Amino acid sequence: MKQHRGSWGSNMGFILAAIGSAVGLGNIWGFPYKMGKSGGFTFLVVYAILAIFVGFVVMATELAMGRKTGKGIVGAFCDLSQKFKWVGWLGVIAPFFLLCFYVVLGGYCLEYVVINITQLFGAEALSGSASFGAMVTNPIRCMVYTFIFTAINFFIVRGGIQGGIEKFSTVGMPALFVMLVVVIIRSLTLPNAIEGVKFMFVPGYAVSAGFISESPSFINILSTAGGQMFFSLSLAMGIMITYGSYLGKQENLLKNSGIIVFADTFVAIMAGLAVIPAAVSNGIANGVALSDIQLGGPNLLFVTLQDVFVSMGTMGSLFGVVFYVLVLIAAISSVISLIEVIATMFMDDAHAKNKEGNRQKIVMGICLAFFAVSLVVAADGLGSNGVWVPFQSMLTTVAADGTVSMPVFVDCWLDFLDCLAEGIAMPLGALLMSLMVGFELGPETILPELHTGTKFRMDKFYIICIKYVVPVAMVFILLGQLSSFFGFGWFA
Ligand code: PFF
């Protein structure tokens, strides 16, 4: 039977889908806070250097592997390598774990859209912490929202590369951008917004103004920037291999990689300007000490910012709807890319057996599988409902003298799955991939693919980076991730 895998309708569609995958919750609740806390502009410079020497190179390699083999993650590794065949499987397991909790977070965003809509129509506005507390301690409602969020993603991916993912991205990403600009304008025009801007950009300001008590060490900054860069660019998850496998030979992979890396970083800074000044302004207006304003993680998104919207009355609810829809789009465009990695793998497998893979059934099977696990994460409510406790005690040992030791520094199901995916599988996968390309196959296997569609050459840069810079950086990032999840304190 003739293989018919489908392809992107246009290079622009591909770029928007890849940027959509990269732009996610990490850009909104991770990057701005880490940047502010870790030296502002200095952090940005470190991040940019890592993004160019490591992120860009890994992204180009993944796209090239996908386009060269015309296969998804498992097929690509099998075709290219003898020794590293099995690494592709790491790239299937990791997206699966990530999906299991990312959809719960997507469900939270959906619930906050609904909360703000009801407030717009006159429902009583609760404080951010009251809304958040009520949400996470209601497992059934969280499961329902997780289900709805999963269903939305199912319908998109079911439509295929061009008819589903590309279509959503070409409408969703520009819409996200416009909404972000609207929220930035509001955020920057609030009283004392400048304090938030200074927190984000001015080196040392976070400490001198009292947001944090001491600045992190340089090694800590490096490891924070590396981990964030990797997660934010959606690398080592098979996404760029998968998306690259649907790309035409005429497209310029180096240029595309550059655009994606730049756009992801640009949107992360924009997201920072949308959230941090508003959060700081509202904190100051309410007399909250700067060190007590929550500027990162779920607390930023679902407590601090909701308080900002509530404080603005009806207009605030309107901004709330716009903002949480924006976050929802960011979450959806990331989740669909993760599902597609697994779906493409099964479709390729069917093609290899000369069968026409049934996308509808495959996507349905994948969604049901991760949805089943996500129910546990939803029920756990970020640790609020005690679902994690029995597992926590399995990991905990109590010595004869009563000292309790806990080898894993995670305190809910979400953190545990994140530890497996972001902490171990992602950096390990990228390390092995760079060793495979740099040493087993040799960069000359990938270079011709990077030459296709362009006259531009950067071979020396690529060879040095993929052979030496990327592996060293990946070992460092892996150790950094392990130390934060397992509490070794190596990078304190
Ligand atoms: N890049 C996304 C974010 O910043 O939130 C998260 C993500 C999506 C990571 C897809 C990895 C991935 F494969």
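For ligands, and for the atoms within them, numbers begin at 1 and follow the listed sequence. All figures in this text were calculated on a predicted structure; none of them were measured in a lab.
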Ile73 side, atom CD1; Glu62 side, atom CD - distance, nearest 0.5 Å
7.0 Å
Heavy-atom contacts with ligand 1 below 4.0 Å: which residues, ordered by chain and residue number?
Ser21, Ala22, Gly24, Leu25, Gly26, Asn27, Leu98, Tyr102, Phe231, Ser232, Ser234, Met237, Ile239, Ser334, Leu338
Rounded to the nearest 0.5 Å, what separates atom OG in Ser232 from atom CZ in Phe31?
8.0 Å
Please list, chain by chain and in numerical order, all residues satisfying side chain to side chain contact (heavy atoms under 4.5 Å, CB included) with Leu478, sequence neighbours excluded.
Pro427, Leu428, Leu482
May I ask you to check whether Phe14 and Tyr246 place their ring centers less than 6.0 Å from one another?
no
Quick test of your reading of the model: are Asp348 and Arg5 salt-bridged, counting only N-O distances below 4.0 Å?
yes
I need the single residue from Leu16, Val267, Ile15 that forms a side-chain contact (heavy atoms from CB on, under 4.5 Å) with Met173. Which is it?
Leu16
